[in-house]
Every structure is written in C-alpha cells, then in structure tokens.
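The block underneath contains the structure these notes are about, expressed in structure tokens.
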Number of protein chains: 2
Amino acid sequence: MNVKDELRRNMPLFPIGIVTKLTELTPRQIRYYEQQGLISPERTKGNQRLFSFNDVDRLLQIKSYLEKGINIAGIREMLKQSQQVLEAKREAETAKKELSERELRRMLKQQIIHPRRGQIPLNHGELSRFFRH
Amino acid sequence: MNVKDELRRNMPLFPIGIVTKLTELTPRQIRYYEQQGLISPERTKGNQRLFSFNDVDRLLQIKSYLEKGINIAGIREMLKQSQQVLEAKREAETAKKELSERELRRMLKQQIIHPRRGQIPLNHGELSRFFRH
DNA sequence: CAATGCATGTAAGGAAAAATGACATTGCTA
DNA sequence: TAGCAATGTCATTTTTCCTTACATGCATTG
C-alpha cells in the first residue's frame with residue numbers, strides 16, 4: 001500500500017453513528033473498546049469521535065475476535081501483535097527499496113567507469129545527482 | 001467499476017461537517033447547491049444530510065466548474081450531461097456483455113453440432129446450463 | 001446610475017446526535 | 001454465591017446540524 005492510500009485510510013471521517021451501522025456494534029461497545037485501549041479514534045474540536053477506515057477495520061477485527069470468544073485483554077494483545085507485524089513489513093519494504101537503490105548506484109558507477117558500447121555514458125557532473133549531498 | 005464498488009461509492013457516510021473539510025466548501029454553499037438541484041445527499045432519520053463518496057466527488061466537480069467561472073445553471077447542465085455519459089457507458093458495457101454471452105452460446109451450439117477434433121464435446125444435458133430456463 | 005439577480009455570509013432558534021457518568025443487567029467462573 | 005467482564009440503559013450536557021430570514025458583494029442590464 002502506498003503512502004497516499006495510508007493517509008486516506010487514516011483520515012478521520014466517520015462519526016460514531018455511521019460506524020455503528022458499518023460494524024453493527026453499539027456506541028456503548030465502541031466507547032468501551034476505546035476505554036480499554038483497543039482503538040483511539042480522533043476527535044473533532046468539540047470532542048466528538050471521528051473514525052477512519054482503519055478504525056472501522058479494527059472494530060470489525062475486534063468484533064470477530066469477540067465472536068470467537070476471545071476477551072478484551074486477549075484482543076488487546078492480538079492487535080498489538082498485528083500492529084507489530086505491519087510495522088515490520090513496512091520496515092522490510094523500505095529496507096528492500098534502499099538496498100535496490102544502492103544497487104542502482106553501484107551499477108551506475110560501474111557504467112561510468114567502464115562504459116560499454118551502445119550505452120550512453122552520463123555527462124560530467126550528472127553522477128552527483130544519484131548520491132546524497 | 002463493479003457493482004460492489006458502486007454500492008460503496010453511493011453509501012451515505014459523511015455528515016456535512018466532514019464534507020466541508022474534504023471539499024473546502026462552506027455548509028451554506030453545499031446546501032445551496034442542493035437547493036439548486038446539483039446534488040441530493042441522503043438524510044438520516046432526523047433529517048441530517050449524509051453524503052456519499054460520489055456526492056463528495058460531485059461537489060469537487062462543482063467547485064472546479066465554479067472556479068472556471070461557470071454559473072449554477074451551467075453546472076447543472078454539465079452534471080446532467082456527464083450523468084448521461086455515465087449511463088450510456090454502463091448501457092454499452094452491459095450490451096457488450098450480453099453480446100459476448102450470446103456469442104458464447106452460439107459457439108457452444110456450433111461446437112456440439114459440429115465438434116472439431118481435439119475439442120471435447122459437452123456431455124448430454126450440459127448445454128442446458130447455458131440457457132435461461 | 002439604479003435596479004435586479006446570483007452566490008454567499010451571517011444569525012436566531014430549534015432539533016438531532018454525541019459525550020460523559022452512573023447505575024443496572026447478564027453470563028461466567030472461582 | 002460473590003465477583004468480574006462486557007454491555008444495556010438513562011439523565012444531562014455539548015456539539016453539530018437544520019431551516020428560515022435577512023444582509024452583502026458583485027456583475028449585468030435597462
């Protein structure tokens with residue numbers, strides 16, 4: 001998922017009334033889950049909850065866990081864990097990107113030092129654009 | 001766009017407060033555009049407006065038209081037109097699908113009547129599955 | 001220029017929706 | 001049976017939204 005999508009998915013959009021319909025949870029339940037640290041929706045200036053897509057997904061997760069008989073404490077840990085998995089994935093992703101960037105730079109260097117026929121070498125000064133200053 | 005997505009995009013989700021932030025239009029403007037027939041958001045039981053994604057898109061359209069100096073009457077017509085274009089596209093789409101289905105049935109028939117070597121003919125009774133009862 | 005009309009601002013008064021807090025209920029489980 | 005976890009319910013207060021009405025700024029037109 002790209003950065004833009006993540007922003008969208010975290011954008012506070014829905015009041016609790018809509019969320020109750022989307023999740024079929026009662027306001028009481030949703031507020032309780034917040035109190036128990038399972039979700040932390042944003043608030044408006046006037047202190048009203050505003051939920052994002054991710055919040056709604058999380059609530060649906062919570063609901064399905066509850067239906068499986070897991071209690072709040074258990075769910076809290078499950079959610080923490082899946083959060084960590086997500087973060088790890090993100091890290092792995094950026095690491096991979098960095099790696100391939102370094103690879104790219106190495107290749108460019110090679111190409112400049114030993115230009116092969118049929119490939120256009122970079123002009124003087126252009127290489128610098130591929131390195132951090 | 002598939003049917004499921006369309007449902008999603010037409011689902012009434014946002015109260016006017018959120019929409020003002022998403023579009024940077026004032027409530028006054030939004031209500032006026034509704035009065036002028038440019039949008040028709042759903043209402044809650046208690047008569048409060050609820051906007052869908054499509055409504056928000058539409059408002060952004062309206063906004064950009066206004067910024068180009070088009071007046072409400074003009075925009076009303078533009079929107080009508082683009083609505084018609086959409087409908088035409090949908091029609092074309094379903095027509096195409098129907099056509100290819102008929103084509104498929106024709107081919108299946110051909111295949112049964114004149115089975116070519118290397119192709120497996122249908123078993124007796126299977127053809128009926130491809131026709132409406 | 002005065003008059004008109006369009007698009008928007010603003011304010012009042014009322015109603016819906018949401019917040020919090022407190023107490024009640026239900027279903028387990030020790 | 002007592003106790004806890006999860007949820008229901010109710011009262012009260014805030015916040016958000018609704019409609020209606022009047023005001024304003026700006027462009028057009030006679």
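Below, chains carry the letters A, B, ... as their sequence lines are ordered, and counting in each starts from 1. What you see below is based on every heavy atom in this structure, not just the backbone, and it leaves out hydrogens, waters and symmetry mates.
- Under a 3.5 Å cut-off, the side chain of A:Thr20 and the backbone N or O of A:Glu24 do not form any donor-acceptor pair.
- Not one N or O on the side chain of A:Lys63 forms a donor-acceptor pair closer than 3.5 Å with the backbone of A:Leu25.
- Residues A:Ile30 and A:Leu60 fall within the same hydrophobic cluster, defined by Ile, Leu, Val, Met, Phe, Trp and Tyr side chains chained together at heavy-atom separations under 4.5 Å.
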Exercise for the section: Check step by step if side-chain contact (heavy atoms from CB on, under 4.5 Å) holds for B:Phe51 and B:Ile16. Expected result: CA-CA 7 Å; B:Phe51 299 78; B:Ile16 200 168; 4.0 Å; yes
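- The salt bridge (Lys or Arg N to Asp or Glu O under 4.0 Å) search around A:Arg28 returns none, not counting sequence neighbours.
- Evaluation of the salt bridge (charged side-chain N to carboxylate O under 4.0 Å, His left out) test over residues 77-86 of chain B, restricted to residues two or more places apart or in two chains, returns B:Glu77-B:Lys80.
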Please table the atom pairs, donor to acceptor, closer than 3.5 Å between any side-chain atom in residues 33-41 of chain A and protein atoms at least two apart or in another chain.
residue, atom, partner, partner atom, Å
A:Tyr33, OH, A:Gln29, NE2, 3.4
A:Glu34, OE1, A:Arg49, NH1, 2.2
A:Glu34, OE2, A:Arg43, NH2, 3.4

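- With sequence neighbours excluded, the residues that form a salt bridge (Lys or Arg N to Asp or Glu O under 4.0 Å) with B:Arg90 are B:Glu6.
- Heavy atoms of other residues, nucleotides or ligands lying less than 6.0 angstrom from CD of B:Glu87 number more than 12.
- Residues passing the ring-ring contact (aromatic ring centres under 6.0 Å, His included) test with A:Phe14 are A:Phe53, B:Phe14, sequence neighbours excluded.
- Taking atom CZ of residue A:Arg76 and atom C1' of nucleotide D:dA6, one finds them 13 Å apart after rounding to whole Å.
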Identify all side-chain donor-acceptor contacts of residues 64-72 of chain B below 3.5 Å with residues at least two apart in sequence or on another chain.
residue, atom, partner, partner atom, Å
B:Ser64, OG, B:Gln61, O, 3.2
B:Tyr65, OH, B:Gln61, OE1, 3.2
B:Asn71, OD1, B:Gly74, N, 2.9

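- Rounding to the nearest 0.5 Å gives a distance of 11.5 Å between CE of B:Met78 and CD1 of B:Ile62.
- By the side chain to side chain contact (heavy atoms under 4.5 Å, CB included) test, B:Lys89 pairs with B:Val85, sequence neighbours left out.
- Judged by distance alone, the side chain of A:Asp57 and the main-chain N or O of A:Asn54 form no donor-acceptor pair under 3.5 Å.
- When the P atom of D:dA6 is taken as reference, atom CD of A:Glu67 falls 15 Å away, rounded to whole Å.
- Using a 4.0 Å cutoff on non-hydrogen atoms, the parts of residues 8-19 of chain B near DNA chain D are B:Pro15, B:Ile16, B:Gly17, ordered by number.
- Shown for residues 39-59 of chain B: residues whose heavy atoms fall under 4.0 angstrom of DNA chain D, namely B:Arg43, B:Asn47, B:Gln48, B:Arg49.
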Below 3.5 Å between N/O atoms, which protein atoms pair up with nucleotides 4-10 of chain C? Just atom names and distances, please.
residue, atom, partner, partner atom, Å
C:dA7, OP1, B:Ile72, N, 2.8
C:dA7, OP2, B:Tyr32, OH, 3.2
C:dT8, OP1, B:Gln29, NE2, 3.0
C:dT8, OP1, B:Tyr33, OH, 3.1
C:dT8, OP2, B:Tyr33, OH, 2.9
C:dT8, O4, B:Arg28, NH2, 2.9
C:dG9, OP2, B:Thr26, OG1, 2.8
C:dG9, N7, B:Arg28, NE, 3.1
C:dG9, O6, B:Arg28, NE, 3.3
C:dG9, O6, B:Arg28, NH2, 3.0
C:dT10, O4, B:Arg28, NE, 3.4

Between the protein and nucleotides 27-30 of chain C, list every N/O to N/O distance that falls short of 3.5 Å.
none

Pick out the pairs of N or O atoms, protein on one side and nucleotides 25-30 of chain D on the other, that lie under 3.5 Å.
none

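- To the nearest 0.5 Å, the span separating CD1 on A:Ile18 from CG on B:Leu50 amounts to 4.5 Å.
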